[in-house]
Amino acid sequence: MHYWLLKSEPDAYSIDDLKRQEVGTWDGVRNYMARNNLRAMKKGDLLFFYHSSTTVIGIAGIAEVEREAYPDPSQFKKAGKYYDAKATKAKPIWSAIDVRFKKKFKEAITLAVLKNDPVLADMILTQKGSRLSVQPVTESHFKHILKTYKV
DNA sequence: GCCAACGTTGGC
DNA sequence: GCCAACGTTGGC
């Protein structure tokens with residue numbers, strides 16, 4: 001079992017959207033490191049759903065991997081903003097996963113709170129300048145966050 | 001809205 | 001292969 005953190009701008013896709021859908025597609029990732037992390041995910045892995053670029057920045061809830069990486073359909077859609085002319089069906093470049101809603105926190109665990117926690121000093125999320133949108137979270141960090149900021 | 005940090009592109 | 005220029009992310 002591995003743990004992850006996925007960022008999304010709630011204006012585009014929020015944990016409430018996922019809750020409504022029950023199972024949602026995580027597509028549009030256009031960064032190689034983030035993509036490789038998507039590809040490393042296994043069904044049943046747990047992930048933090050993180051809200052970025054919004055009024056309350058932080059971890060909004062939990063989801064789990066429902067379907068492992070497959071070619072991101074949005075790379076083939078010419079009209080869409082995630083279209084990639086270099087990608088072909090035979091040789092796709094980008095990957096998507098499906099995630100299943102697990103839980104929405106009553107209140108998001110904010111980035112400020114996480115940054116203030118010495119236990120999380122070496123978490124990728126809390127590093128200055130870190131903007132990786134799909135990142136691994138260690139088991140101890142994941143459990144620590146749940147235990148400490150239980151909501 | 002600003003801007004630091006980072007990733008990507010493309011000229012050489 | 002280097003690196004400047006540019007575009008994007010994302011916190012503040």
Side-chain angles (χ1 to χ4, degrees), chain A residues 2-21 24-41 45-65 68-99 101-138 140-146 148-151:
Chain A
H2 288 92
Y3 302 88
W4 310 92
L5 181 145
L6 277 68
K7 294 180 185 172
S8 180
E9 297 189 16
D11 286 348
Y13 190 67
S14 74
I15 191 140
D16 292 314
D17 295 324
L18 176 60
K19 187 177 184 180
R20 212 172 303 121
Q21 297 176 337
T25 295
W26 207 281
D27 61 0
V29 170
R30 292 295 178 270
N31 167 286
Y32 285 102
M33 213 184 300
R35 182 204 67 181
N36 292 344
N37 286 333
L38 278 184
R39 290 182 176 178
M41 294 182 190
D45 281 358
L46 292 178
L47 54 98
F48 283 139
F49 195 126
Y50 179 90
H51 283 172
S52 66
S53 299
T54 183
T55 45
V56 182
I57 295 165
I59 300 170
I62 302 175
E64 74 173 302
V65 177
E68 294 174 15
Y70 59 95
D72 180 349
S74 69
Q75 69 195 306
F76 307 122
K77 291 184 183 138
K78 267 209 166 89
K81 66 185 275 210
Y82 295 119
Y83 177 67
D84 187 335
K86 293 201 282 291
T88 63
K89 297 261 166 143
K91 275 198 148 188
I93 298 171
W94 306 108
S95 296
I97 59 163
D98 289 350
V99 300
F101 175 82
K102 289 278 277 188
K103 172 173 193 158
K104 181 192 174 183
F105 298 152
K106 285 198 208 77
E107 283 176 37
I109 305 167
T110 66
L111 179 62
V113 162
L114 298 171
K115 278 187 167 170
N116 258 322
D117 187 336
V119 175
L120 304 175
D122 57 349
M123 195 182 175
I124 296 171
L125 184 75
T126 59
Q127 305 311 301
K128 183 175 154 83
S130 161
R131 49 181 223 191
L132 185 59
S133 64
V134 180
Q135 55 184 260
V137 177
T138 66
S140 63
H141 282 165
F142 196 93
K143 292 187 171 162
H144 170 80
I145 289 168
L146 284 186
T148 312
Y149 308 105
K150 190 87 180 148
V151 264

Quiz prompt | No-hydrogen, no-angle side-chain donor-acceptor test under 3.5 Å, Y13(A) and Q21(A) | solution = yes
Practice problem: Looking at every strand, decide which applies to S52(A) at a 4.0 Å heavy-atom threshold: base, sugar-phosphate, or nothing. | Solution: sugar-phosphate
Quiz item: Can you say whether the rings of F49(A) and H51(A) are parallel (under 30°), tilted (30 to 60°) or perpendicular (over 60°)?
Solution: perpendicular
Exercise. Check whether the side chains of D72(A) and S95(A) place a donor and an acceptor atom closer than 3.5 Å, and report yes or no.
Key: no
Self-check item: Nearest-0.5 Å distance that lies between atom CD1 in I145(A) and atom CG in L120(A)
Solution: 5.0 Å
Quiz item: Would you call K19(A) and D16(A) a salt bridge, taking side-chain N to carboxylate O under 4.0 Å as the test?
Solution: no
Could you pull out all donor-acceptor pairs under 3.5 Å where a side-chain atom in residues 81-93 of chain A meets a protein atom, sequence neighbours excluded?
| residue | atom | partner | partner atom | Å |
| --- | --- | --- | --- | --- |
| D84(A) | OD1 | K86(A) | N | 2.9 |
| D84(A) | OD2 | W94(A) | NE1 | 2.8 |
| T88(A) | OG1 | K91(A) | N | 2.8 |

Quiz prompt | Residue-level proximity of residues 83-97 of chain A to DNA chain C when a heavy atom falls under 4.0 Å | solution = none
Practice problem: Identify, residue by residue, the members of residues 114-136 of chain A with a heavy atom below 4.0 Å from DNA chain B, and return them in order of residue number, or none. | Solution: K128(A), G129(A), R131(A)
Quiz prompt | Nearest heavy atoms of H141(A) and V119(A), plus distance in Å | solution = NE2-O, 3.3 Å
Self-check item: Contact boundaries on DNA chain B for chain A, cut-off under 4.0 Å to non-hydrogen atoms
Solution: dA5(B) to dT8(B)
Quiz prompt | Heavy-atom donor-acceptor pair, D45(A) side chain to V65(A) backbone, under 3.5 Å | solution = no
Exercise. Could you list the residues that satisfy ring pair (Phe, Tyr, Trp, His ring centres under 6.0 Å) with F48(A), not counting sequence neighbours?
Key: F142(A)
Exercise. Take the C1' atoms of the five end pairs on each side of the helix from dG1(B)-dC12(C) to dC12(B)-dG1(C), get both axes, and report the angle to 10 degrees.
Key: 10°
Quiz item: Is there a side chain to side chain contact (heavy atoms under 4.5 Å, CB included) between T138(A) and M123(A) once you walk through the steps?
Solution: CA-CA 8 Å; T138(A) 66; M123(A) 195 182 175; over 6 Å; no
Quiz prompt | S130(A) (side chain) donor-acceptor with I124(A) (main chain) under 3.5 angstrom | solution = yes
Practice problem: Taking Q135(A) for its side chain and L125(A) for its backbone only, find out whether a donor-acceptor pair lies under 3.5 Å. | Solution: yes
